[in-house]
Amino acid sequence: MDVPLWSTFSYLADRSLPRGQRVRVSFGSRRMCGVVTNNGNAEQQYAFRIKCVDEVFDELPPLPEAFLDLVNFAAGYYHHPYGQTLFTALPTALREPRAVRLPDRRVWRLTPAGRDAEVAPRHKVRHALWQALCADDLAPEGARAVAPSAATILKAWQDSGWVTRVDAAVPPLAVEGVIPLNTAQRAALDAIEASSAPHKPWLLHGVTGSGKTEVYLQLIERQLRAGRQVLVLVPEINLTPQLIARFTQRFPLTPTAVLHSHVADGERLVAWVDAWQGRARIVIGTRLAVFTPMPELGMVIVDEEHDGSFKQQDGLRYHARDLAVWRAHRAAVPIVLGSATPCLETLANVDAGRYRRLVLAERAHHAAALPTVRLVDVRRAKRSEGLTDEVLAALADRVRKRELSLVYINRRGFAPVVACTECGWLSGCPRCSAKLVVHLLERKLRCHHCGWEEAVPHVCPDCGNTDIKPLGEGTQRLEAALGRALPTARILRIDRDTTQRREAWNDIYRQVHAGEVDILVGTQMLAKGHDFGALSLVAILNADAALYSADFRASERLFSQLIQVAGRAGRAERPGEVLLQTQWPEHPLYQALVAHDFDRYAAELLGERRQLGFPPASFQAQLRADAPTLAEASDFLHTIRERLAQPAQASGVAVCGPAPALMVKLANRERAQLVLESPQRAALHQLLNQLTEWLPAQNVGRGLRWSLDVDPQDT
DNA sequence: AGCACGCCGACT
DNA sequence: GTCGGCGTGCTC
Ligand SMILES: [Zn+2]
Ligand SMILES: [Zn+2]
């Protein structure tokens with residue numbers, strides 16, 4: 001049942017019902033949809049009255065075992081109620097206590113009698129339809145294309161035995177526009193093809209523009225040829241019409257289902273069922289697509305595997321990449337995780353020999369040369385309003401030459417770290433290894449990991465400088481300053497507001513490609529896969545704002561973003577240039593960026609995490625609580641902490657907090673969290689099992705809500 | 001979660 | 001006298 005309860009519920013039925021069967025039952029005073037998980041014993045005595053199943057929804061076969069397996073795993077791993085887990089995995093239409101009506105996807109075929117029938121040419125519509133049927137079977141939408149009134153005519157013909165409906169044959173495979181592979185792509189393809197251990201995950205680590213998608217397409221081609229289905233997961237922001245077109249243009253006859261949250265409910269149900277019944281051979285979707293049943297699954301591809309949008313941030317807080325890995329393993333099919341900037345969790349899996357890495361080090365189509373990256377030391381450089389002369393000169397030069405530049409501005413974080421502008425001192429927590437962040441209203445520095453609090457210092461504790469500021473201060477003014485400094489430049493701003501409209505991106509592309517823009521100005525979102533063609537210059541003004549923050553993943557994320565943004569610079573004839581303003585030019589992150597050495601800094605970050613005992617060197621779960629006041633949330637977490645202290649210590653799980661939550665609070669509610677952390681995943685999960693045994697039954701105060709986040713992304 | 005039942009303040 | 005406020009407890 002779709003309720004936050006950990007038990008299943010018994011009902012009587014007049015016949016045995018298969019696992020996965022959708023039914024309607026009465027539950028309390030409600031009528032609800034339920035899914036059969038197992039058959040009980042008819043003789044069994046219950047201490048309570050058992051109700052009967054009211055209706056069996058057999059318009060669809062029972063949900064397949066592989067689907068139930070995945071749900072079962074997800075419920076266990078994320079410590080989420082089984083019923084709620086199952087229902088989040090279903091398309092919304094199947095959550096309702098109603099039978100679903102699906103379009104009949106069978107095709108119309110002429111019977112021998114129909115073929116012999118004479119349809120006079122003067123009945124224009126009928127004749128056209130008949131001729132079309134003589135040539136080939138007609139799908140319902142195909143018939144409608146021949147004649148809008150086809151449905152009525154075909155019904156009548158069916159009654160007179162001229163046509164029947166049959167399941168459509170899988171259309172033949174057509175492959176168009178194949179691009180020849182370079183050596184590295186070919187090697188990657190061959191390695192995956194030839195592998196004798198197919199279900200060990202692959203990491204396809206390819207620099208921006210190295211042609212990962214072409215490798216995916218050719219892998220998919222092999223699977224389609226072998227009669228298998230392929231599941232492709234992509235980040236929300238990458239699932240554009242252009243991406244879908246790449247697949248449908250390559251395989252024009254192959255039915256492809258697209259699943260993401262913006263697809264309407266009805267359409268999503270149809271796509272889901274098409275995949276389940278094997279009609280759709282390729283499924284492209286965002287994280288929710290990971291649950292789509294696919295009986296002939298042959299391969300899973302997760303593109304941009306480092307992307308945060310694969311993690312669901314409410315309800316069942318699953319990570320689609322991790323579930324996909326489990327699913328592929330279970331189905332014994334290969335899985336390919338692709339990225340230019342794989343996340344540290346994945347790299348740690350490569351180090352441990354659990355995943356295998358394939359590298360595409362060269363750009364496949366742009367120039368062979370990578371852009372030159374130069375750091376501009378803002379402590380030395382002449383600057384006004386946060387813009388150095390060097391950057392301004394470089395921009396002015398491109399404007400004069402009519403070449404496109406991208407200016408990348410990092411917003412100040414919501415709760416920034418405080419830094420000294422002179423010596424680079426940072427507000428670190430004296431009690432743990434996290435950074436303190438400033439809360440300007442209370443004039444306090446606060447640790448969101450362990451809960452430490454102190455007053456904001458007036459001078460730098462290291463050098464006595466009085467100019468200490470929150471990182472990223474002044475960001476808002478940068479864009480205006482840019483406009484004043486380059487009054488003749490045609491600047492196009494790209495942010496959440498300017499891209500809200502449906503056609504916004506098309507407009508932007510059009511303006512850029514028509515040469516109507518000199519400088520694109522944007523924030524984080526520009527890092528993600530938009531193709532503006534060749535960028536002559538990428539200027540990064542304020543990366544320092546994201547270099548340090550309360551979140552230990554900040555530098556990993558920044559590095560990933562910078563690599564991706566820098567990867568956009570360059571054109572066929574000549575490498576592009578990347579200029580980055582910073583107060584810490586010696587920082588290993590920036591040094592690695594200059595050297596185009598992802599691996600070096602990734603290894604350094606990994607070493608740091610191991611040293612500090614942060615993921616992936618440890619495993620975390622976060623117990624969040626929110627209530628009208630912070631005290632209520634904290635008190636609740638304190639009692640949990642006390643009750644957990646004994647077993648946690650015994651199993652080697654550290655409990656940190658409670659600490660007030662970092663994220664913006666919603667409408668008059670305060671949030672706090674407790675972090676559970678262990679180097680042993682099994683120990684952590686054992687403790688979580690204990691926790692979920694008694695916590696749900698606990699009578700928590702009114703207005704208090706709690707949730708559990710396994711492998712949290714923001715801590 | 002969602003819904004019913006239950007017990008106390010301002011309305012016809 | 002009742003409509004409705006949301007606290008408490010249950011759902012096979
Ligand atoms: Zn200082
Ligand atoms: Zn701390």
Side-chain angles (χ1 to χ4, degrees), chain A residues 1-58 62-63 68 71-72 74-76 78-98 261 265 288 291 312-318 622-629 631-633 635-636 639-640 666-671 688 691-710:
Chain A
M1 305 299 306
D2 191 6
V3 285
L5 302 170
W6 299 71
S7 52
T8 56
F9 297 85
S10 301
Y11 286 85
L12 288 169
D14 52 12
R15 63 194 155 98
S16 156
L17 294 173
R19 254 167 77 69
Q21 179 63 57
R22 248 167 36 92
V23 295
R24 177 167 63 79
V25 293
S26 138
F27 188 76
S29 60
R30 297 184 278 171
R31 10 165 55 212
M32 291 182 73
C33 175
V35 172
V36 176
T37 58
N38 61 299
N39 271 287
N41 181 345
E43 257 76 84
Q44 196 179 328
Q45 297 295 308
Y46 292 91
F48 37 80
R49 199 176 71 85
I50 305 283
K51 295 181 179 176
C52 292
V53 168
D54 295 326
E55 190 178 355
V56 177
F57 299 125
D58 51 9
L63 296 163
L68 297 172
V71 165
N72 195 44
Y78 293 105
H79 301 269
H80 200 67
Y82 183 81
Q84 281 193 312
T85 308
L86 191 149
F87 278 83
T88 30
L90 287 176
T92 46
L94 292 179
R95 299 176 196 170
E96 301 302 317
R98 250 179 275 118
S261 46
D265 288 353
L288 57 86
F291 294 107
Q312 173 120 60
Q313 295 293 9
D314 54 71
L316 172 68
R317 295 168 176 263
Y318 65 97
Q622 206 175 77
L623 182 64
R624 299 163 203 268
D626 68 80
T629 68
E632 285 169 89
D635 289 352
F636 166 76
T639 57
I640 305 288
L666 306 148
N668 298 324
R669 295 185 72 82
E670 300 276 356
R671 306 200 303 141
L688 293 175
L691 183 69
T692 47
E693 251 167 50
W694 54 264
L695 185 52
Q698 210 71 184
N699 234 340
V700 301
R702 50 175 189 77
L704 189 137
R705 288 184 309 210
W706 60 269
S707 66
L708 200 53
D709 190 351
V710 175

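Lettering follows sequence order; numbering is per chain, from 1.
Shown here are the side chain to side chain donor-acceptor pair (under 3.5 Å) partners of A:Arg24, two or more places apart in sequence or in another chain: A:Glu55. The side chain to side chain donor-acceptor pair (under 3.5 Å) check on A:Gln84 picks up nothing, with sequence neighbours excluded. Every residue two or more places apart in sequence or in another chain that forms a side-chain contact (heavy atoms from CB on, under 4.5 Å) with A:Val23 is listed here: A:Leu17, A:Gln21, A:Val25, A:Val36, A:Val53, A:Val56. In this view, A:Arg19 and A:Glu65 satisfy the salt bridge (Lys or Arg N to Asp or Glu O under 4.0 Å) rule, not counting sequence neighbours. Looking at residues two or more places apart in sequence or on another chain, you find a side chain to side chain donor-acceptor pair (under 3.5 Å) between A:Gln622 and A:Arg624. Annotation: side chain to side chain donor-acceptor pair (under 3.5 Å) contacts of A:Asp626 (sequence neighbours excluded): A:Arg669, A:Arg705.
Within the nucleic acid shown, A:Ser26 comes within 4.0 Å of sugar-phosphate atoms alone, with no base atom in reach, counting heavy atoms only. Within the nucleic acid shown, A:Phe48 comes within 4.0 Å of at least one base atom, counting heavy atoms only.
Distance, A:Tyr46 OH to C:dC12 P: 13 Å, rounded to whole Å. Distance, A:Met1 CE to C:dT11 C1': 9 Å, rounded to whole Å.
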Report all side-chain donor-acceptor pairs from residues 6-14 of chain A shorter than 3.5 Å, counting only partners two or more places apart or in another chain.
from: A:Tyr11; atom 1: OH; to: A:Ser26; atom 2: O; distance (Å): 2.8

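Once rounded to the nearest 0.5 Å, the distance linking CG of A:Leu695 with CG of A:Leu623 reads 6.0 Å.
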Distances under 3.5 Å between nitrogen or oxygen atoms of protein and nucleotides 8-10 of chain C:
from: C:dG9; atom 1: OP2; to: A:Asn699; atom 2: ND2; distance (Å): 3.3

All N/O pairs under 3.5 Å across the protein-nucleotides 1-3 of chain B interface:
from: B:dG2; atom 1: O4'; to: A:Arg30; atom 2: NH1; distance (Å): 3.1
from: B:dC3; atom 1: O3'; to: A:Ser29; atom 2: OG; distance (Å): 3.0

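The side chain to side chain donor-acceptor pair (under 3.5 Å) contacts involving residues 86-96 of chain A comprise A:Thr92-A:Asp265, where partners must be two or more places apart or lie in separate chains. Residue pairs meeting the ring-ring contact (aromatic ring centres under 6.0 Å, His included) criterion with at least one partner in residues 28-52 of chain A, sequence neighbours excluded, are A:Tyr46-A:Phe48.
Contacts between residues 31-39 of chain A and DNA chain C, defined by a heavy-atom separation under 4.0 Å, are absent.
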